[in-house]
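This report concerns only the one structure given below.
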There are 2 protein chains.
Amino acid sequence: MAELRSSGVSESQGVLDRVEARLLVVDDEPNIRELLSASLRMSGFEVVTAADGREAVHFAERIRPDLVVLDVMLPDMDGFAVAGRLREMSEQMPVVFLTARDGTDDKVAGLRLADDYVTKPFSLEEVLARIRAVLRRTRGDLDLPTRLQVGDLELDEEAHQVWRSGVAVRLSPTEFKLLHYFMVNTGRVLSKAQILDHVWNYDFGGDAGVVESYVSYLRRKVDTAEPRLIHTLRGVGYVLRQPHSD
Amino acid sequence: MAELRSSGVSESQGVLDRVEARLLVVDDEPNIRELLSASLRMSGFEVVTAADGREAVHFAERIRPDLVVLDVMLPDMDGFAVAGRLREMSEQMPVVFLTARDGTDDKVAGLRLADDYVTKPFSLEEVLARIRAVLRRTRGDLDLPTRLQVGDLELDEEAHQVWRSGVAVRLSPTEFKLLHYFMVNTGRVLSKAQILDHVWNYDFGGDAGVVESYVSYLRRKVDTAEPRLIHTLRGVGYVLRQPHSD
DNA sequence: GGAAACGTTCAGCCATGGCTGAGCTACGTT
DNA sequence: AACGTAGCTCAGCCATGGCTGAACGTTTCC
């Protein structure tokens, strides 16, 4: 399914080329597991996967991951129970939960206080952002910037705000996610398929036309002045480029 | 705190500050223990947990916490007895009690001896406020501000009072807690779920609709004039922003 | 014991955002 | 230069989210 679209090679978003951290991904649906692990590996993480709670605990013991991505709904045991076991073996093992967007789930109440959680269906950008945020917190990598800058464009993740030459710009949630994806991948060509896979939820059925639309919206709000930052590579994709070094 | 400034946005106070103090959390219910320790860690405390009186005394001896959060009702020994033991080993060990809200008077008598207490079910904001207040008293951290200010909005925690451009405003307890939470997290987007989890009691079953209502009340009482301070980020949450950087 | 304040829910309205399809423009290939 | 294709933009529809006022129940304080 979706993963086929992003067979590209140079997808590494990593600030670092080497391993950022060791992750354990736990989900019983093979599709989700593959989707996540493939794209996390692309982003520079070392990934081990488990399909149920028993496996999760087992692998966690052996590989001592830096963080666990954990589906709440598992065939054998509750995600919280797994988290409990993990915490037993290591006081501070950070967990990012995956959960259905049910709303009425009262279990979810406790979740939000956990290290973090993402609702299904998610976009890869969302998951990556959470993981990085949690790692930043738990390791005290506080100097990793929460603010991105390209040319006179600035984006603050925490404040969820964007400035162009100092003046605040209002972006819709999707516009924001798209710009964020561009900025994290400054200087890298992104195909429409890649963008679709990362910015839109994995169950989105539509075609690449949306991407064109949203790039258009973004340009209008954020890239009207010279030098232009977002460039079209006909037949290939888009790039956000630092001015100057073009 | 100074070092945080370097990351640009963080308005101090917040989630990402370095270790504020070492806490020992004692409660026999795992849920409460996890709830508290997760959110205290998020707020920058170093946390160790214990499930009963024996463990509590044991850990207190070893780690010498700066403050103990102590459930009054423990399986093996009375919370007051534990507090007694703690005081034996360190004259001035501050204790914040957790107690059921059933108001039997003899318990309250004992509570007067505590530095402070919070009744269950509590909201995280309440607990955090107590802990910070006690730490401020006992170790003279007088530089921790008791008065918060954003634009022409001022809030005094000790006096439990709020002013908008100098004129006092009457807020209900919930309104006050909500505004306090906003002000402590100035510049940070807060989802309705987060707000619900921090401002409302942990056993509150309702949905995020209440948050909308209370934001509405708050705006009416406190944010009628330009420039507006409380902003809605559709589909994301709310932010309280310093004016100017609008 | 009564009145006021407070907290919660709900329903209706309004605004915003997401997506699509169609027409148009720009590109670049031959 | 001309054709075909890719990309851009816009308008419009639909769904969702958010705001507010009113109603109801509960607590608090005289």
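Below, chain A is the first sequence line, B the second, and so on; all start at residue 1. Note that the coordinates shown come from a computational prediction; the quantities given were computed from them, not determined experimentally.
For the pair B/Leu178 CG and C/dT8 P, the interatomic distance rounds to 12 Å; values are reported in whole Å. Atom pair A/Asn201:CG and C/dC19:C1' shows a separation of 14 Å (rounding to whole Å applied). When the C1' atom of D/dG7 is taken as reference, atom CG of A/Leu196 falls 16 Å away, rounded to whole Å. Here C/dG7 presents its P atom at 15 Å from CG of B/Asp203, a figure rounded to the nearest Å. Rounding to whole angstrom units, OH of residue A/Tyr214 and C1' of C/dG17 are separated by 6 Å. In this entry the distance linking NZ of A/Lys192 with C1' of D/dT5 reads 11 Å, nearest Å.
For the residue pair B/Arg219/B/Thr232, the side-chain donor-acceptor check at 3.5 Å is satisfied.
Distances from the side chain of B/Glu212 to the nucleotides D/dT20, D/dC10, C/dG18 place D/dT20 closest. In this structure, the nucleotide among C/dT20, C/dG17, C/dT8 sitting nearest to the side chain of A/Tyr217 is C/dT20. With distances taken from any side-chain atom of A/Ser213 to the nucleotides C/dG7, C/dG21, C/dC19, the minimum falls on C/dG21. Distances from the side chain of A/Arg219 to the nucleotides D/dC8, C/dT16, C/dC19 place D/dC8 closest.
We find that A/Arg228 and A/Glu226 are joined by a salt bridge, their nearest charged nitrogen and carboxylate oxygen being less than 4.0 Å apart.
Projected onto DNA chain C by closest heavy-atom contact, A/Val210 and A/Leu171 fall at different nucleotides, the more 5' of which corresponds to A/Leu171. Nearest-nucleotide mapping onto DNA chain C: of A/Asp207 and A/Arg170, the residue sitting toward the 5' end is A/Arg170.
The ring of B/His160 has its center closer than 6.0 angstrom to the ring center of B/Phe176. Aromatic pair A/Trp200/A/Tyr214: centroids less than 6.0 angstrom apart.
Between the side chain of B/Arg234 and the base of D/dG17, a donor-acceptor pair under 3.5 Å is found.
Backbone-only engagement by A/Gly235 is indicated by non-hydrogen atom pairs under 4.0 Å involving sugar-phosphate atoms exclusively. Looking at heavy-atom distances under 4.0 Å, B/Tyr238 makes contact with sugar-phosphate atoms alone, never a base.
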(request) Please step through side-chain contact (heavy atoms from CB on, under 4.5 Å) for the pair A/Leu98 and A/Leu36, ending with a clear verdict. (result) CA-CA 11 Å; A/Leu98 302 179; A/Leu36 276 176; 3.8 Å; yes

